[in-house]
Amino acid sequence: MLLPYNNTNGNIEVQKQQLLTAIVQAKQDGLGNEEIIENIREALPDVMVSYAETVLKQIDFRAKLSRQVIEFNLEFLFQVIYESVIAGTNDEEILSICAEHCTLNQYEFVRYALEYIHLNRMPSQWEQNNVYNKMIEIVNLSPIECLFEYIEAIKNIYLKQIGYKVVQENLYNLFLSNKQTSYFTDLANKSRDNFIKNYCCRTAVLVARATGKPLDLKLTADGSLILKEPKYLDINTGANEIVPSQILTMGQAGKLLVDTLEEFSINAKYIDAKTGLTFNRIKVKLGRGVSYKKVEDIGNDLVQQLGEELNLKVAPMVSVVPGGVVFDIPRLDRQFAYFREYLTFDGEPDIHSVSIPGGVDVNGTYVEIQLYSDNVTHILGGGRTRGGKSQFEKAAILYLVRRYPPSVVRLALSDVKRVTFGKFDGLPHLVAPVARDAKSTANLLDYLVEEMELRYQEFERHSSIETIAHYNLRFAPNFVMPRVICLIDECFDLLSDDNYCDRIETALMKLLAKAGGAGIHVLLYTQRPDKNVIDPLIRSNFPAKTAFVTTRPEDSCIILGDDKDKRAVYLLGYGDFLYKTTEVVRLQALYVADDEDPEYFQQLLLEAKNQNDPYTAWQSGLDFDESVANLYGESSNNDSSKFKATAGTKTHTKTKQPKTDFEGSFEL
């Protein structure tokens with residue numbers, strides 16, 4: 001490389017021009033950047049070396065801008081990237097090659113594609129075995145915290161699930177080894193993975209139960225957990241702080257309640273008491289001549305009088321039952337009713353008795369909601385945020401698709417929040433993709449109205465058939481007319497849309513008036529179903545109600561259809577609800593736990609997709625996209641093209657996947 005003469009007295013600009021010419025010539029001769037800089041560093045001062053580095057960066061930048069790029073088809077590009085990842089090519093090499101040959105937008109696509117592939121690809125059996133053996137090796141040689149770090153570094157969701165299973169097994173072994181509660185809460189604080197953190201906390205709860213010691217977990221602002229140990233006072237320094245423990249049996253609590261009522265001049269007699277998942281129920285019989293109105297609103301007075309003795313922090317719900325009045329005392333250690341603990345899918349489904357999960361009553365009895373009953377047909381539900389509506393809806397959908405094949409049950413779903421029902425997209429039970437806005441919901445409801453009319457035309461062709469129940473009794477099991485469950489989540493956004501409100505209301509009125517007999521059931525949910533949201537004419541056509549906790553007494557009255565029934569305001573949230581048909585029952589809804597046990601949730605969805613369908617379904621011949629196009633001259637505005645709304649005449653039998661066995665010890 002020929003460099004300019006180093007003359008410190010010369011013009012610096014002239015030297016830079018000479019150096020630039022020398023660098024350009026060296027690049028043309030094929031010298032690399034490092035070699036050029038090395039020659040300059042040996043012959044010229046540092047200021048010229050710095051100038052040379054800047055020149056080389058500019059030359060490389062211009063070369064990149066002047067190179068030819070190719071517009072690749074994105075599907076082709078994704079496939080090539082996927083094959084390269086499977087072949088073991090590292091990310092840096094893939095990105096380097098794509099930077100040379102792709103446009104800037106395509107390069108960004110490549111980066112996101114790599115992240116998606118690493119996260120979602122199904123690893124080979126060899127890779128799964130290799131990762132599992134690595135985890136076992138870590139557990140055998142290092143503390144369990146090292147396993148946590150290894151799992152947190154894994155991107156792939158399937159490989160993470162293997163790690164979670166290993167964590168559960170080892171936490172259970174640690175539980176059996178008599179570790180202290182604080183040991184597991186410390187482990188929870190050391191992990192950044194929420195699933196591992198939850199597993200550690202559950203183990204801490206199991207230890208606390210086994211040892212009989214109180215457990216108080218406090219979540220800090222940064223997401224860490226603090227264990228507040230029980231306070232033990234020194235007898236000499238803290239004698240005045242010791243308060244005798246007041247542990248009451250249910251009978252003692254009932255007697256205390258009756259005595260307190262007497263002080264309010266309310267004569268009553270204790271009958272019995274029951275312990276439910278969410279609350280304890282004390283039943284009393286009011287004396288002759290004592291009106292229920294005297295105890296209807298006494299809840300806040302009981303908190304003031306019996307708050308310490310009964311651990312009352314919120315007012316108990318007071319209700320009339322046959323033979324007495326019941327006081328529902330909230331449990332501080334409330335339990336949840338897990339979906340997997342109460343439902344099994346053994347045996348053949350009864351195609352004449354389509355139901356959805358209701359919940360668990362105070363007796364611990366599982367109650368189902370019978371959609372085929374004339375007292376149900378359609379359901380109106382409401383309640384504030386965190387009341388449990390979404391969990392109730394997800395439990396209903398998951399049960400329906402897993403229990404019944406598409407020839408028996410079809411689903412029409414609307415979810416403007418876009419986060420509740422999206423995970424059910426792609427199921428064969430859907431008559432159309434999940435509607436995510438007012439327009440697609442209006443199209444879906446109009447389609448159901450057309451389907452309803454075709455079903456009644458089918459009934460008309462057969463003498464003495466008036467309902468779907470009669471139809472299936474005559475033609476099943478060789479021929480089955482499927483029931484369609486239309487579930488609409490948060491209808492406020494739909495009915496406040498000026499462009500589609502009228503269409504939606506008109507379709508709802510038609511369906512609520514006569515769709516039940518045709519086997520089409522509407523389940524409508526919102527936070528506040530007042531007259532500004534749902535027309536009273538629409539509300540009055542729902543024979544069944546599900547009221548979750550409300551903020552205002554007025555909302556309770558509206559949901560339950562009784563201007564005096566404000567009991568929903570006393571509910572405890574998180575699935576605690578009132579189910580009303582001919583009577584009102586308080587239930588704890590089933591908790592799907594799709595965030596805690598994603599494997600179980602996905603397993604049920606997989607089984608729903610692959611289940612055997614031995615029946616031949618009646619078909620109206622009505623295509624969803626064509627129906628919308630014929631009505632309004634527009635596409636359905638859904639994500640899939642040509643979505644057929646009819647179940648196949650027969651579905652092929654598919655092999656069911658083995659059911660994953662979970663460690664039940666971690667159920668809280």
Side-chain angles (χ1 to χ4, degrees), residues 1-121 123-124 126-127 130-131 134 138 146 149-156 159 192:
M1 179 178 179
L2 184 61
L3 293 172
Y5 174 70
N6 185 9
N7 182 3
T8 55
N9 296 324
N11 189 324
I12 189 68
E13 294 301 326
V14 174
Q15 289 189 11
K16 286 184 177 180
Q17 186 61 41
Q18 292 174 345
L19 181 57
L20 174 59
T21 303
I23 291 173
V24 172
Q25 184 61 47
K27 292 287 286 185
Q28 292 175 352
D29 292 340
L31 272 67
N33 289 359
E34 293 182 2
E35 189 175 0
I36 293 173
I37 291 297
E38 187 63 30
N39 290 333
I40 295 173
R41 187 175 285 112
E42 293 176 357
L44 298 176
D46 290 344
V47 64
M48 301 303 287
V49 174
S50 177
Y51 172 73
E53 290 175 344
T54 302
V55 168
L56 286 171
K57 290 178 182 178
Q58 292 176 349
I59 291 174
D60 289 344
F61 180 69
R62 290 183 179 180
K64 289 181 179 180
L65 290 181
S66 62
R67 67 177 172 82
Q68 293 224 338
V69 294
I70 305 172
E71 279 285 348
F72 291 104
N73 178 276
L74 295 184
E75 292 183 6
F76 166 78
L77 194 57
F78 183 88
Q79 185 64 29
V80 171
I81 297 168
Y82 182 80
E83 292 173 356
S84 300
V85 171
I86 297 300
T89 310
N90 61 52
D91 290 4
E92 290 75 15
E93 188 174 351
I94 293 174
L95 290 171
S96 176
I97 295 172
C98 291
E100 289 294 323
H101 299 285
C102 297
T103 65
L104 184 60
N105 287 338
Q106 289 177 331
Y107 181 75
E108 285 297 307
F109 171 80
V110 170
R111 289 179 54 228
Y112 285 112
L114 278 172
E115 183 178 349
Y116 177 84
I117 291 169
H118 285 308
L119 185 67
N120 295 284
R121 70 178 179 84
S124 65
W126 177 88
E127 188 177 0
N130 187 49
V131 169
K134 177 66 175 178
I138 293 173
C146 298
E149 294 176 359
Y150 181 76
I151 294 172
E152 288 164 7
I154 295 175
K155 294 182 180 179
N156 186 268
L159 296 178
R192 295 186 299 272

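- Lys27 and Leu56 get closest at one heavy-atom pair: CD-CD2, 4.0 Å.
- Expressed to the nearest 0.5 Å, how far CD1 of Ile37 lies from CG of Leu31 amounts to 11.5 Å.
- Atom CG of Leu74 and atom CZ of Phe109 lie 5.0 Å apart (nearest 0.5 Å).
- Applying the salt bridge (charged side-chain N to carboxylate O under 4.0 Å, His left out) test to every pair with at least one member in residues 46-59, sequence neighbours left out, gives these pairs: Arg41-Glu53.
- By the side-chain contact (heavy atoms from CB on, under 4.5 Å) test, Glu152 is found to be paired with Phe148, Ser191, Arg192, Asp193, residues two or more places apart in sequence or in another chain being considered.
- Here CG of Asn33 is found 8.0 Å from CD1 of Ile59. Values are rounded to the nearest 0.5 Å.
- Taking Asn105 as the reference, Thr103 meet the side-chain contact (heavy atoms from CB on, under 4.5 Å) condition, with sequence neighbours excluded.
- Listed by first and then second residue, the side chain to side chain donor-acceptor pair (under 3.5 Å) pairs involving residues 76-99 are Gln79-Glu83, Asp91-His118 (not counting sequence neighbours).
- Closest approach of Cys102 and Tyr107 over heavy atoms only: CB-N, 4.3 Å.
- Interatomic distance, CG of Leu44 versus OG of Ser50, reported as 12.5 Å (0.5 Å rounding).
- Under the side chain to side chain donor-acceptor pair (under 3.5 Å) criterion, Glu127 pairs with Arg121, sequence neighbours left out.
- Residues passing the salt bridge (charged side-chain N to carboxylate O under 4.0 Å, His left out) test with Glu108 are Arg111, sequence neighbours excluded.
- In this model, a donor atom of one side chain and an acceptor atom of the other lie less than 3.5 Å apart for Asp29 and Gln25.
- Rounded to the nearest 0.5 Å, atoms CD1 (Ile81) and CD1 (Ile117) are 6.0 Å apart.
- In this view, Gln17 and Leu20, Thr21 satisfy the side-chain contact (heavy atoms from CB on, under 4.5 Å) rule, not counting sequence neighbours.
- A 4.5 Å side-chain heavy-atom check between Val55 and Leu19 finds every atom pair outside the cut-off.
- One finds the CG atom of Leu159 at 14.0 Å from the NZ atom of Lys134 (value rounded to the nearest 0.5 Å).
- Applying the side-chain contact (heavy atoms from CB on, under 4.5 Å) criterion to Glu13, with sequence neighbours excluded, gives Asn11, Lys16.
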